[in-house]
Amino acid sequence: DGEGEGAEGGAFCFPREYALRSVLGLGYRASDDMAWHTDMAGEEGWLCSISLGATARFEYLPAAAPSARRRCVVQNEQPPVKVDLECGDVLLLQGGLLPHRIVG
């Protein structure tokens, strides 16, 4: 629906304008993992991921958790949203606030 819980408990929406400032290429094998994390950019941390190669299981927590302490609380309160990203899929996510990971 394009909305979620923001850093202070309010709603946040997809940005009207995108100011993506960098590109990071990561290659995953089907068995690779990446632990729970948020991106360093905080509230400005929009992530645009283009999936290439093997299908990857991407999971994110549907509540803002910019710190490790808050992430632990959210993990115990809400199940992760699971998305299988196939080759060619594009994902836009508020990666600075929403904890996310890759599960192999």
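In this structure, D89 has no side chain to side chain donor-acceptor pair (under 3.5 Å) partners at least two apart in sequence or on a different chain. Looking at residues two or more places apart in sequence or on another chain, you find no ring-ring contact (aromatic ring centres under 6.0 Å, His included) involving Y60. Among residues two or more places apart in sequence or in another chain, the side chain to side chain donor-acceptor pair (under 3.5 Å) test is passed with N76 by none. With sequence neighbours excluded, the residues that form a side chain to side chain contact (heavy atoms under 4.5 Å, CB included) with R101 are W36, E59, V103.
Hydrophobic side-chain contacts under 4.5 Å tie I50 into a cluster, directly or through other members, with L52, V90.
Considering all non-hydrogen atoms of both residues, V74 and A63 come closest at CG1-CB, 4.0 Å. What you find for P62 and Q78 is that their closest heavy atoms are CG-OE1, 3.0 Å. Shown here for P99 and R71, the closest heavy-atom pair between the two residues is CB-CD, 3.5 Å.
Put simply, the side chain of Q75 never gets that close to the backbone of E77: no donor and acceptor are under 3.5 Å apart.
Within the structure, every pair that satisfies the ring pair (Phe, Tyr, Trp, His ring centres under 6.0 Å) test and touches residues 66-104, not counting sequence neighbours, is listed here: H37-H100, F58-H100.
Atom CD1 of I102 sits about 6.5 Å away from atom CG of L85, to the nearest 0.5 Å. Atoms CZ and CG, on R57 and D33 in that order, are 12.0 Å from each other to the nearest 0.5 Å. To the nearest 0.5 angstrom, L93 atom CG is 5.0 Å from L98 atom CG.
At least one side-chain heavy atom of L47 sits under 4.5 Å from a side-chain heavy atom of D39.
In the hydrophobic clustering of ILVMFWY residues, with side-chain heavy atoms under 4.5 Å counting as a link, V73 and L61 come out apart.
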